[in-house]
*Asks:* 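Dropping a structure here in structure tokens format, bear with me for questions.
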Amino acid sequence: MQDIDRMIDEALEGENQTLFRETAHEPGYFNQALGIFGGSMGWANAVLMVTQGVIFIAGVWAGWRFFQADDTLSALHWGLPAAVLVLMATVLKTALMPAIQANRVMRELKRLELQIALMRAG
């Protein structure tokens with residue numbers, strides 16, 4: 001991979017080389033995570049994140065009630081929903097990871113398009 005980057009770097013000159021280096025920088029994790037709230041599917045990801053937050057809070061509340069239970073039946077009454085809600089929150093959270101990966105792939109495709117346009121112009 002480094003050889004390809006070096007060859008492209010040598011093929012580009014001046015301003016194009018600076019533009020290529022700027023697009024080569026991959027944003028940090030938090031910038032990528034916040035990037036899922038933009039674009040055409042941003043509203044769906046925001047709804048998913050809010051839903052996940054509500055479900056997690058409900059699971060923590062049910063877990064709290066589970067640990068305060070005095071008898072077995074009461075503990076089951078709060079423990080099972082707590083476990084299910086926390087697992088649901090985890091599944092919803094992991095559903096957002098493909099969106100981050102799709103954004104990374106799209107960023108690389110745009111970078112390739114830029115390289116092709118620069119080579120075509122040069």
Side-chain angles (χ1 to χ4, degrees):
M1 187 67 172
Q2 296 297 331
D3 292 334
I4 294 171
D5 288 338
R6 185 182 49 79
M7 289 171 47
I8 292 171
D9 202 28
E10 289 172 359
L12 298 174
E13 52 189 49
E15 188 176 310
N16 294 340
Q17 195 173 33
T18 305
L19 184 60
F20 178 72
R21 284 190 184 134
E22 287 175 5
T23 60
H25 173 29
E26 186 172 336
Y29 177 77
F30 291 110
N31 286 339
Q32 290 180 15
L34 293 175
I36 64 173
F37 299 116
S40 62
M41 292 300 292
W43 69 272
N45 292 333
V47 168
L48 194 62
M49 187 62 95
V50 168
T51 304
Q52 181 271 333
V54 169
I55 289 173
F56 180 75
I57 290 170
V60 169
W61 179 75
W64 184 266
R65 298 289 305 258
F66 165 75
F67 285 111
Q68 290 181 338
D70 293 332
D71 59 340
T72 306
L73 187 60
S74 179
L76 281 173
H77 177 75
W78 291 108
L80 290 175
V84 169
L85 287 170
V86 169
L87 285 173
M88 283 177 53
T90 304
V91 168
L92 286 177
K93 179 71 82 178
T94 58
L96 295 173
M97 288 300 133
I100 292 174
Q101 183 63 25
N103 285 347
R104 291 178 72 194
V105 169
M106 291 303 295
R107 188 172 23 263
E108 287 301 316
L109 282 175
K110 289 178 183 178
R111 186 171 180 240
L112 286 173
E113 288 176 354
L114 174 64
Q115 289 174 6
I116 291 170
L118 289 174
M119 287 181 171
R120 193 180 280 174

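Note that these values count all heavy atoms, side chains included, but never hydrogens, waters or copies made by symmetry. Please read these numbers as outputs of a predicted model, since none were measured by experiment.
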*Asks:* List, one per line, each side-chain donor-acceptor pair under 3.5 Å for residues 67-88, sequence neighbours excluded.
*Replies:*
{"unit_1": "Asp71", "atom_1": "OD1", "unit_2": "Ser74", "atom_2": "N", "d": "3.3"}

*Asks:* Enumerate the residue pairs fulfilling side chain to side chain donor-acceptor pair (under 3.5 Å) with a member in residues 32-51, sequence neighbours excluded, ordered by first and then second residue.
*Replies:*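 Listed by first then second residue: Glu26-Gln32.
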*Asks:* Could you give the distance from CE (Met41) to CG (Asn103), rounded to the nearest 0.5 Å?
*Replies:*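 Going from CE on Met41 over to CG on Asn103, the span is 11.0 Å.
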*Asks:* Which ring-ring contact (aromatic ring centres under 6.0 Å, His included) pairs, counting each pair once, include a residue from residues 79-110, with sequence neighbours left out?
*Replies:*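 Non-adjacent pairs meeting ring-ring contact (aromatic ring centres under 6.0 Å, His included): zero.
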*Asks:* Can you list, pair by pair, the side-chain donor-acceptor contacts under 3.5 Å of residues 53-61, counting residues two or more places apart and other chains?
*Replies:*
none

*Asks:* Quick one: side chain to side chain contact (heavy atoms under 4.5 Å, CB included) partners of Met106, sequence neighbours excluded?
*Replies:*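 By the side chain to side chain contact (heavy atoms under 4.5 Å, CB included) rule, Met106 matches Leu109.
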*Asks:* Hydrophobic clusters here meaning ILVMFWY residues chained together by side-chain heavy-atom distances under 4.5 Å, can you tell me if Val47 and Leu96 are in one?
*Replies:*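 Different hydrophobic clusters.
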*Asks:* For residues 88-110, which residue pairs pass the ring-ring contact (aromatic ring centres under 6.0 Å, His included) check, not counting sequence neighbours?
*Replies:*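 Residue pairs with at least one partner in residues 88-110: there are none.
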*Asks:* For Arg65, enumerate each residue passing the salt bridge (charged side-chain N to carboxylate O under 4.0 Å, His left out) test, keeping only those at least two apart in sequence or located in another chain.
*Replies:*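 For Arg65, no residue satisfies salt bridge (charged side-chain N to carboxylate O under 4.0 Å, His left out) once neighbours in sequence are set aside.
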